[in-house]
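Encoded as structure tokens, the structure appears first; notes follow it.
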Amino acid sequence: MPETPDQTPDFPTHFDFATAESALTKAWDENGIFRARPERTKALGGTRESFTVLIPPPNVTAVLHVGHGLNNTVQDVLIRWRRMAGDEALWLPGTDHAGIATQNVVEKIIAKEGKTRFDLGREAFVKRTEQFVEETGGVILHQLKSIGASADFSRTAYTLTPELSLAVREAFVRLWEKDLVYRGHRVIHWCPRCLTSLSDEEAEFHDSEGALHYVRYALADDPSQGITIATTRPETILADVAIAVHPDDERYAALVGKQVLLPLTGIKMPVIADDYVEKDFGTGALKITPAHDANDFEVGKRHKLEMPVVIDPSGKMGEVVNAAGRVPAEFMGLDRFDARKKIVKALEASGALVKIEKHANSIRRCYRCDTVVEPRLSDQWFVRMAPLAAPALEAVKDGTVRLLPEKWEKVYINWLDGIRDWNISRQLWWGHRVPVFTCELGHALAYREDPSVCAHAAGGSPCGAKIVSQDPDVLDTWFSSWLWPISTMGWPNENAKDLKAFFPSDVLVTAPEILFFWVARMIMSGYEFLGRAPFHTVYLHGTVRDMQHRKMSKSLGNGIDPLDVVERYGADALRWTLIQGMGLGVDVMLDPNDLDKSFAPGRNFATKLWNIGRFLLIQVGEEPIGRFADSDASTLRLEDRWILGRLDAAIAECDAALGPARPTAANWPENERQSGMRLDAYAEAARRFVWNELADWYVEAVKPRLAQPGADRETARRVLVHVFDQGLRLLHPIMPFVTESLWQRLPAQASGQFLALAPWPQQRAAGADAGVAFDAVREAIDAIRGLRAEYGVQPGSPIKAFVSRGAASSAEMDALIASQALVSRLARCELSTDAAPSGAAAHAVLASKLELTLPLAGMVDLGKEKARLNAEVENLSKQLDALRGRLSNEKFTAKAPPAVVEAERAKEQEWAARVSQMQQKISELGS
RNA sequence: GGGCGAAUAGCUCAGUUGGUUAGAGCACCUGCCUUACACGCAGGGUGUCGGGGGUUCGAGUCCCUCUUCGCCCACCA
């Protein structure tokens, strides 16, 4: 960095973000400006709309990664925007107890002590986990503060607090009472490592390269005959109870009803016919293993087959249930994958193995530990989803809830249409215990409070028998998450202030990965328990990826630590980079190996903004400044009116990009359904105003006025401070720290005021003078600069230009004349209204139809200039021909809208004029 | 297997109901320490809008088809 001789001591050239961030975080916190007050909402007699965002609760043991950074920055941008726009804004933070995940962490810790959870026992293990959460949990919420999150931390929620646990229990009992919870005996997904069942969503598909093993089963009464099946899981052969073929399959028709011998054990079993079998797959014959495959289970039920279990909960072979004599000693106790290898060998040795083929298939893995899930026959609690899904489906179809980007609506509808029941019980210890209690007589019921006697009412009078046990399972962690929008607001107390003031919430910001896990279920719970959707907009953002488009993850080592970025470049740089790079639902690409480059946009802009402020505040000085609103419009100069017009345009663009904060009707009207939430467009509109318009043009234009005391200086100061103030407001939701720091230094800023609470900018009334004639000045400067660069005119050397009005308006001509000094400074060009001298070395350019003629004798290569003009004439003539062809086409003039035809005609005039002008120049050059 | 989406500049993406010579940011190239900022200033577009066909006065935009890629779901033994 070059030396900067005139560093102002209290105004360095670079923003000291570290100091400012900690000071502002503290000041915002101490002044309670992120605290939402229910009594100020319309619902409770106040004047404000409520605007509520609920954090997707991170795992209580999580530490901040860049995905959280993105997710929470989006939420913060929205909440800061609405807070400034006058809503009573509530961003409700909190964490999730994360059943399996947290239990896994603690199990790992005690494993280092050589213990398992069973050594500790349930009570001690839960205590140990609570203690662990108390000591290390919630770190992520503190980390969120360092990226500027303006959440209301006084309301921090946690899914395992007594209040939220009450909601969980109430929800369970209500579903129980409506017979929407039931006990199911079926094959579910089982994680042999976590030792628990999983929901369909928690057992994730992964492609794998498997093998199809063709195994021959000999007929019992004639071993020379047999039937060959194909299986990917030869180890489950030990639990086979039948061979199934399709009823219409002629190849096997004669075998149906006969007995075959199970290889290795010689157990007899029947050949059955069932529609489920596909004739064309494999050999068309299928082994049936009801306890270890969900489909086989259904077949087994239909045919009333036995259901022997040969794999124990930890994935080891054994005669677990109904399986006496099924597992030969040599396989006993082997892990299922070791057993597979050995069994294949044994099959080969016995001659039963026909062949092995490669086979691509998908296997399910535990979403928490990646272990291959084992289908397992067991008893679990299920929620009937069809009745819950119906209103949630309707809500999206009728526009009560919109999903952005739109494509997810179709995915959502497709999933809900075929929804399956939800397994909510987990064989874990960490979580909400299933509130089902059983009495001595075996009556199992759900209770709101722990009972001492049975409430089962048989013939009118309660059973009254002693309660002997509570269901040992806990509930799926998502069973508390799905209540988040209502439980955090005080439900089941329907009179809770927060519930009245802030429910339903507004925008849910999350990743598409948990659309079914969480979002869809929240919509269901909203309808089920409060009769309405819990939010009207679901914003599904993209994923942060590396340069190879890989998701950032710990295991790949390609992650970016947001706190590292904050430390290096500041929170604003992090936030800006994420937001400006993020189209709606589009992934953000960052290079973890080059943070300098990745976060340059944010770092550069924060510094630029700081320097605009630095210059402006030093120039404007400390003296009091009049309110802009009190200004006399007649004192405004052209560039003042222009920048005010640009400000209006910027406000309009930002508002349009952000869109309506809420639907203007009960449902989203068609024209609003996909509007807004374009945060990158909003960022770009605000950036362009402050950088490319305010800094690049207005500040340059106003410099001389600031140096000369007088009324005009006051006007300039006033406008300058006003537009900068407004620009800071537009940028504050994305870059809260640098904007707040600068805003508080604005002259005559009352102390104790915060930009975070300053009103969102409003456009001036329609019809306000936008100073558009200034554009002619800018175009003239651009044109002259372009010419200078093109011909390599020495940067310092001044040139002269003769201006004539051409086809421009007199206002444009006046503007240019009045801005001579500016043109001279920025383009190093003296303007003259004298008639342009005719001569060879003159070059004409147009700016808003003003004609600028620059004599460039001695500065330009005439041959090059002539060639350039010729090329341009040729190009334009071609375009002109095409245009004339179109205009002479009767179909075009007849069918195209008149406005389009009119525009094309005007264009023709202009191009023709330009062509002839250039041709004249060419002939002059030639002479 | 079912559903959905994408293909536009070197990269990431805009491009509203078809209508100026297709845009932005980043990257890149050229020239500048013009005393707010070199994390800056000025200038520069580098494109058969994936291929082919069709509708239309007019197609990046609508239709068909092919190719490639991605996402969601699924009872792919």
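Residue numbering restarts at 1 for every chain, and letters A, B, ... go by the order of the sequence lines. The shown structure was predicted, so the numbers you read here are calculated from the model rather than taken from an experiment. Side chains are part of it too, since the values below use all heavy atoms of this structure and drop only hydrogens, waters and symmetry mates.
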- request: Would you mind telling me which of B/A74, B/U21, B/A36 lies closest to the side-chain atoms of A/Phe615?
  value: B/A36
field: Nearest-nucleotide pick for A/Phe892, side chain only, options being B/A42, B/G25, B/G19
entry: B/G19
message: What's A/Leu876 touching, base or sugar-phosphate or nothing? Going by heavy atoms closer than 4.0 Å.
response: base
task: Tell me which nucleotide among B/A24, B/A27, B/C37 gets nearest to the side chain of A/Lys597.
output: B/A27
- prompt: What is the distance, rounded to the nearest whole Å, between atom CG of A/Asn611 and atom C1' of B/C41?
  reply: 13 Å
message: Whether A/Lys597 and A/Asp591 form a salt bridge (side-chain N of Lys/Arg under 4.0 Å from carboxylate O of Asp/Glu) is what I want to check.
response: no
field: Verdict with supporting geometry, A/Leu515 and A/Leu403, side chain to side chain contact (heavy atoms under 4.5 Å, CB included)
entry: CA-CA 10 Å; A/Leu515 183 57; A/Leu403 269 51; 4.1 Å; yes
message: Counting the atoms with a prime plus P, OP1 and OP2 as sugar-phosphate, which does A/Ser362 contact under 4.0 Å by heavy atoms, base, sugar-phosphate, or nothing?
response: base
- prompt: Across the strands shown, which category fits A/Tyr276 at heavy-atom distances under 4.0 angstrom: base, sugar-phosphate, nothing?
  reply: base
- request: Give one of base, sugar-phosphate or nothing for A/Asp417, where a contact means two heavy atoms less than 4.0 Å apart.
  value: nothing
message: For A/Asp587 and A/His549, which I'm curious about, is there any donor-acceptor pair between the side chains at under 3.5 Å?
response: no
message: Heavy atoms only, 4.0 Å cut-off, all strands: where does A/Ala894 land among base, sugar-phosphate and nothing?
response: nothing
task: Could you note down all residue pairs passing ring pair (Phe, Tyr, Trp, His ring centres under 6.0 Å) where residues 565-607 of chain A supplies at least one of them, sequence neighbours left out?
output: A/Trp576-A/Phe605, A/Phe605-A/Trp691
field: Euclidean distance, atom CG of residue A/Asp546 to atom P of B/C11 [Å, nearest integer]
entry: 16 Å
task: Answer with base, sugar-phosphate or nothing: what part of the nucleic acid does A/Arg905 contact at a heavy-atom distance below 4.0 Å?
output: nothing
query: What interatomic distance, in whole Å, is found between C1' of B/C29 and the corresponding atom of B/U65?
result: 41 Å
statement: Separation of B/C41 atom P from A/Ile781 atom CD1, nearest Å, is 16 Å
task: Have a look at A/Ala244 and say if it touches a base, only the backbone sugar-phosphate, or nothing, with a 4.0 Å heavy-atom cut-off.
output: nothing
- prompt: Just checking A/Ala600: base, sugar-phosphate only, or nothing, at a heavy-atom cut-off of under 4.0 Å?
  reply: nothing
- request: Using the P atom on both, measure B/C26 against B/G18 and round to a whole Å.
  value: 33 Å
C1' spacing across the pair B/U46 / B/A6, given as an integer number of angstrom: 25 Å
message: Using the C1' atom as the point on both nucleotides, what is the distance between B/U16 and B/A22, in whole Å?
response: 15 Å
- request: Give a yes/no answer on whether the side chain of A/Lys608 brings an N or O atom under 4.0 Å of OP1 or OP2 in B/C41.
  value: yes
- prompt: In whole Å, what is the span from the CG atom of A/Leu578 to the P atom of B/C26?
  reply: 16 Å
field: Nearest-Å distance for atom pair CG/P, residues A/Asn889 and B/C57
entry: 8 Å
- prompt: So what does A/Pro405 touch, heavy atoms closer than 4.0 Å: a base, only the sugar-phosphate, or nothing?
  reply: nothing
- prompt: What is the nucleic acid contact for A/Ala903, judged by heavy atoms within less than 4.0 Å: base, sugar-phosphate only, or nothing?
  reply: nothing
- prompt: Expressed in whole Å, how much space separates the C1' atoms belonging to B/A9 and B/C64?
  reply: 29 Å
task: Ignoring backbone atoms, establish whether A/Lys410 has a side-chain N or O less than 4.0 Å from OP1 or OP2 of B/C4.
output: no
- request: Mind calculating the distance between CD1 (A/Ile227) and C1' (B/A77) to the nearest angstrom?
  value: 13 Å
- prompt: In whole Å, what separates the P atom of B/C66 from that of B/C11?
  reply: 27 Å
message: Let's see if you can work this out: which of B/G19, B/C76, B/C13 has an atom nearest to the side-chain heavy atoms of A/Met589?
response: B/C13
- prompt: Do any side-chain nitrogens or oxygens of A/Asn604 fall under 4.0 Å of OP1 or OP2 in B/G40?
  reply: yes
Nearest listed nucleotide, side chain of A/Thr607, among B/C13, B/C37, B/A36: B/C37
message: Just by distance, no angles: are the side chains of A/Asn611 and A/Thr13 close enough, under 3.5 Å, to form a donor-acceptor pair?
response: no
message: Any N or O donor-acceptor pair under 3.5 Å from the base of B/C37 to the side chain of A/Thr13?
response: no
- prompt: In which ranges does RNA chain B form stems of 3 or more consecutive Watson-Crick or G-U pairs, distances under 3.5 Å?
  reply: B:1-7 with B:67-73, B:10-13 with B:23-26, B:28-32 with B:40-44, B:50-54 with B:62-66
query: Taking the six-membered ring for Trp, are the ring centroids of A/Phe11 and A/Trp610 within less than 6.0 Å of each other?
result: yes
Rounded distance in Å - CD (A/Glu700) to C1' (B/G40): 12 Å
- request: Assign each of A/Asp680 and A/Pro897 to its nearest nucleotide of RNA chain B by heavy atoms, then name whichever residue's nucleotide is nearer the 5' end.
  value: A/Asp680
message: Please classify the nucleic acid contact of A/Arg785 as base, sugar-phosphate, or nothing, using heavy-atom distances under 4.0 Å.
response: sugar-phosphate
field: Main-chain N/O of A/Ser362 paired with A/Asp207 side-chain donor or acceptor, under 3.5 Å
entry: no
query: Looking only at side chains, do A/Tyr367 and A/Glu202 share a donor and an acceptor under 3.5 Å apart?
result: yes
message: Name the residue from A/Leu305, A/Val245, A/Ile243 that meets the side chain to side chain contact (heavy atoms under 4.5 Å, CB included) definition with A/Ile272.
response: A/Leu305
- prompt: What interatomic distance, in whole Å, is found between C1' of B/U48 and the corresponding atom of B/U55?
  reply: 22 Å
Got a list of protein N/O to nucleotides 67-72 of chain B N/O distances below 3.5 Å?
none

- request: Kindly point out which of B/C37, B/A77, B/G43 is positioned nearest to the side chain of A/Leu286?
  value: B/A77
message: Checking the side chain of A/His189 only, and the main-chain atoms of A/Pro375 only, is there a donor and an acceptor separated by less than 3.5 Å?
response: no
Nearest-Å distance once atom C1' is located in both B/U61 and B/G50: 16 Å
query: Checking all strands, does A/Glu278 fall into the base, sugar-phosphate, or nothing category for heavy-atom contacts under 4.0 angstrom?
result: base
task: Could you tell me the separation between the CG atom of A/Asp591 and the P atom of B/G25, rounded to a whole number of Å?
output: 22 Å
task: Name the nucleic acid region contacted by A/Val588, choosing base, sugar-phosphate or nothing; use a 4.0 angstrom heavy-atom cut-off, strictly under.
output: nothing
task: Give a yes/no on whether any side-chain N or O of A/Trp691 is located under 4.0 angstrom from OP1 or OP2 of B/C41.
output: yes
Distance-only polar pair, side chains of A/Asn423 and A/Ser199, donor-acceptor under 3.5 Å: no
Which residue lies more 5' along RNA chain B, comparing A/Leu584 with A/Arg687 via nearest heavy atoms: A/Leu584
message: Students often get this wrong, so: under 4.0 angstrom with heavy atoms, is A/Asp782 touching a base, only sugar-phosphate, or nothing?
response: sugar-phosphate
query: Hey, does the side chain of A/Lys703 come within less than 4.0 Å of B/A36's phosphate (OP1/OP2), counting only N and O?
result: yes
message: Can a side-chain donor-acceptor contact be found between A/Asp240 and A/Tyr217 if the only test is distance below 3.5 angstrom?
response: yes
query: Between the side chains of A/Glu693 and A/Tyr698, does any donor sit under 3.5 Å from an acceptor?
result: no
field: A/Lys407 charged N/C atom sitting above A/Tyr412 aromatic ring, 6.0 Å / 45°
entry: no
